[in-house]
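To keep things clear, I will list the structure first and then write my remarks on it.
This is a predicted model, so every value here is computed, not measured. Index from 1, following the sequence.
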Amino acid sequence: MSDSATSQRAAVGCATLFALPHEIIEHVFTLLSISERLVLRRTCSTLRDIYDSSAVLQYDFALVTTAHLDVPFRPAAPPASPATKDDAKGPAPAAAAHVVSPHTGRPRPTIPSVALAPWPAAAAPRRVPGVARSPAEKLEALRARERNWETLEAGQERTFRITGNTGVYELQEGIMLMCDDYSIDSKPETIRLVPLPSVDDPDLEEPPIPTKKDKLPFLIADLTMDPTQDLIVVSEFEPAAAEPGLLDPIHRFHLLRLSDFSPHPLASSPTLDFPPFAQGAGQTRQLLQVMGDTLVVLVSRFEMHWIVAGFNMIGAGMAPAPGNSEEEVVAWNWKTGRVLGRLPLPYNAWFSSLSMLTPTTVMITTACSGPLATDDPRILAAQIPPVIQVWSFLPCPHHKYTPRQPLRAQQEDETSYRPRLLATLRLPAFASGTIVTTFDVRPDPAFPVRRDAAGPSPGRALGLGDKLFTQDPEKGVLVFDLQALEPPGMDGLLIGLEAMESRSFELFMLRETLVGLAKAGEDRLRTSWDTLGAFDDGSGQWMIDRTLDWADWGVRGARLMPASMRNRTWVCLCSGYRHISLVPSRRPHRPEPVQQGHNIIEAPARPSDLQLLDFSPYAVRRDLARRRDARHATGAAGGAQDRDGADHGADADDAHDNDGAIDGSPVDASSVGEDAPRPAARRARADDEPDAPPDADANADVDVDVSVVVAPTVLPRARMWADDVVSALPYRKVVRARHARANGVMMDDQRVIIINSTGRRNGDWTDVRQEMTVLCM
């Protein structure tokens, strides 16, 4: 319909869509899905103009295509009431030194072991906190961040230094948490909190939390935190039983406020006890995660002789006995203290790992369960292969569970709910004799957004109430660290481990794949409960679980390739769809001297560049569409660019041509065709050999190298796999030249942290130092 026809019909009183105010038409758009909006935008120029000029619609589109959620603005929370001595149980904050900003005159606290970045000569631009932002302002902030991530171009860069050990650490919401002051039991007692620079506040003029140090009245085994809820969960090492006559719990979890380490006011009980194991005390490894009201903990108990047996005393007839190790998952509602479920895991010769998918589902890396004999060689991956499983602790509506607490050993507990298996994903088949030694998953899920508008956000106590948007916890990439020993021949176990070669791989898959399996499985679980009704025994196992072979999910929905970095010490390696690594610098440099000594804390720093892998389906399709248009554009603006040069037109057109970019479906490599370089001030290409190293001579003078990898990775059968392993999940690869001396790297949604650790273990750890360069995106 032409504009003139519209005006004529409106003049004679005809009711048309275009007779409505633009605000009403914009509201009609908001009632549609993103894909439906793009279809409607294509119908005529008037609707296209309304769509393209609407900050609300463009912001919604940017949130969906970058896997973010809007964070509603909330007023500041009232000041936290001081904890009493009884509540605080003795945490003692260390004295903080103050330095004054030359630009604002504000004091900036610090502690002796942390040297924050110096102020620049001129004040850096920063966003004023405490003010609600319009959709247009949020859109510009999100676009600016995404532009920086596209080429790893930092908006701001700052370097700070830390002295002392950092064996226990967390990185969440722009706060770096590190433990130090190791005790005689080799467990820390002190927690340091360090706010990190950001584009909005690069010089920490108004940090979310002051740099500080607190000593707790117990030894720390592990911890996790959720700054958006002002929550830190600290695991106490070797706690005593809460009641006389009970066995000591394996660990006790203290629910504290991150702002002052007092008991969290929303927790009905200040502590939760992990149940004792049947085999009694032993060494443990634990993983803790929080998602909303849910706290999930995985504890693995092991004996050192089990580790030795697991790493190949089988060849000498010394199979590890199944009773020598135990692993269990327990989930609580940390606010009410109620046990949501507990799950004992089958015995395997490596540690299990987990990642929460939704507040009621969790994925676990474990071993395929089956009959177990005392001489069962469970370290052989061909016989007992590792799998990815999805479990639900959604409660059955027909049965009421009242778990008895403190929890007893698993065999003695008949009151707790047992989670239900929803799906099992099998890995490629391993060759005979292959031994899996590690199968871990990263990262923790992003924190969900509070949707209730009433009341201040708990995160405001930490200055986090001004966050404009956050990552969608149901989207992103999951990275599995798979390490295995490849047998040297047909009978590798009899030859011994010294003849076996260690192999390290990284398995990438989209989080939404597992979230979809979890939601579909819980739908089947509810249907089962509805069908069985009063006859349901609580198990809900009527046609519930699904098993997927590698061909069903891995060939197109995953990417399995050799690890980009081996022996990572800093494991906060991915955020959203992105994964960060160090790669050897392409610039010529002198060989590094070999450092001798068993007490070196980690590998020496080497000249390194940054490598970013981006598995966002939309980012891949956008780049391919832009390059295709650039190849066909003969000097004129291509079809992927809007007539006014704005990003929203390009994004919308690209997405409309590639509908899968909106629903998150993987790119079909067979339909992409040849890729052409994008005309830009950087090198851009398509990788036909994704695992081949870059040409150092060709790229040495290029600051950034951007490519889209659509060709499949093929791992040859050799002696490790039963058949060639093919995987083809597409991704963007960005290599940014840094030539920085580094031996570690981390990232979150707003920054990359390049780490140069030096020093040796000298008893008190005082010779250990970390220099951390923060690239603010």
Report yes if the side chains of [X] and [Y] come closer than 4.5 Å at any heavy-atom pair, otherwise no.
| X | Y | value |
| --- | --- | --- |
| Met178 | Val194 | yes |
| Ser113 | Arg192 | yes |
| Leu482 | Asp440 | no |
| Lys187 | Ile220 | no |
| Thr470 | His68 | no |
| Gln229 | Val290 | yes |
| Leu152 | Val735 | no |
| Ile232 | His264 | no |

Using only atom types and a distance under 3.5 Å, with no angle test, would you say the side chain of [X] pairs donor to acceptor with the backbone of [Y]?
| X | Y | result |
| --- | --- | --- |
| Arg736 | Thr151 | yes |
| Thr437 | Gln483 | yes |
| Arg732 | Glu150 | yes |
| Ser352 | Thr365 | yes |
| Ser355 | Pro443 | yes |
| His103 | Ser101 | no |
| Asn743 | Ser757 | yes |

Search all heavy atoms of [X] against all heavy atoms of [Y] and return the closest pair with its distance.
| X | Y | result |
| --- | --- | --- |
| Pro195 | Thr211 | CD-OG1, 3.2 Å |
| Leu177 | Leu223 | CD2-CD1, 3.5 Å |
| Pro386 | Phe439 | CB-CD2, 3.7 Å |
| Phe160 | Ala117 | CB-N, 3.9 Å |
| Thr110 | Val114 | OG1-O, 2.9 Å |
| Val709 | Arg559 | O-NH2, 3.7 Å |

Can [X] and [Y] be counted as having a side-chain donor-acceptor contact under 3.5 angstrom?
| X | Y | answer |
| --- | --- | --- |
| Asp260 | Ser262 | yes |
| Glu146 | Thr66 | no |
| Ser259 | Asp230 | yes |
| Glu506 | Ser564 | yes |
| Ser581 | Arg568 | yes |
| Ser608 | Ser585 | no |
| Asp226 | Thr228 | yes |
| Thr224 | Gln289 | no |

With Glu771, the salt bridge (Lys or Arg N to Asp or Glu O under 4.0 Å) member among Arg161, Arg741, Arg158: Arg161
Arg108 NZ/CZ over Trp119 ring centroid, <6.0 Å and within 45° of normal: yes
CA sep, side-chain torsions, deciding dist, call: His579, Phe508, ring pair (Phe, Tyr, Trp, His ring centres under 6.0 Å): CA-CA 10 Å; His579 173 270; Phe508 300 88; 5.1 Å; yes
Result of checking Arg252, His254, Gln286 against Ser235 for side-chain hydrogen bond (donor to acceptor under 3.5 Å, both in side chains): Gln286
Steps toward salt bridge (Lys or Arg N to Asp or Glu O under 4.0 Å) verdict (Arg586, Asp609): CA-CA 8 Å; Arg586 295 175 297 194; Asp609 295 337; 3.8 Å; yes
side-chain contact (heavy atoms from CB on, under 4.5 Å) between Phe505 and Leu715, worked out: CA-CA 10 Å; Phe505 300 91; Leu715 300 178; 3.8 Å; yes
Look up atom [atom1] in [X] and atom [atom2] in [Y], then write down how far apart they are to the nearest 0.5 Å.
| X | Y | atom1 | atom2 | result |
| --- | --- | --- | --- | --- |
| Thr104 | Glu206 | OG1 | CD | 7.5 Å |
| Phe480 | Ser353 | CZ | OG | 8.0 Å |
| Trp149 | Leu612 | CH2 | CG | 6.5 Å |
| Asp203 | Ser198 | CG | OG | 10.0 Å |
| Asp200 | Leu468 | CG | CG | 6.5 Å |
| Thr284 | His251 | OG1 | NE2 | 3.0 Å |

Listed pairs under 3.5 Å, donor-acceptor, residues 746-755 side chains, sequence neighbours left out:
from	atom 1	to	atom 2	distance (Å)
Asp748	OD1	Gln750	N	3.0
Asp748	OD1	Arg751	N	2.9
Asp748	OD1	Arg751	NH1	3.4
Asp748	OD2	Arg751	NH1	2.6
Arg751	NE	Pro197	O	2.8
Arg751	NH2	Pro197	O	3.1

Test ring-ring contact (aromatic ring centres under 6.0 Å, His included) applied to Phe447 - qualifying residues, sequence neighbours left out: none
Derivation and outcome, side-chain contact (heavy atoms from CB on, under 4.5 Å), residues Trp570 and Met772: CA-CA 12 Å; Trp570 306 86; Met772 298 191 175; 3.7 Å; yes
Candidate pair Arg503 and Glu501, rule salt bridge (Lys or Arg N to Asp or Glu O under 4.0 Å), full reasoning: CA-CA 6 Å; Arg503 301 288 188 184; Glu501 188 170 357; 3.4 Å; yes
Near-ring test Tyr731/Phe615, centroid separation under 6.0 angstrom: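 Between Tyr731 and Phe615, which both carry aromatic rings, the centre distance is below 6.0 Å.
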Partners meeting salt bridge (charged side-chain N to carboxylate O under 4.0 Å, His left out) with Asp222 (sequence neighbours left out): none
Leu216/Ile191 under side-chain contact (heavy atoms from CB on, under 4.5 Å): CA gap, chis, key distance, verdict: CA-CA 8 Å; Leu216 300 183; Ile191 293 176; 3.8 Å; yes
Candidate pair Arg738 and Glu157, rule salt bridge (Lys or Arg N to Asp or Glu O under 4.0 Å), full reasoning: CA-CA 13 Å; Arg738 290 284 305 184; Glu157 182 173 329; 3.1 Å; yes
Full working for side-chain contact (heavy atoms from CB on, under 4.5 Å) between Leu582 and Leu610: CA-CA 5 Å; Leu582 294 176; Leu610 291 175; 3.8 Å; yes
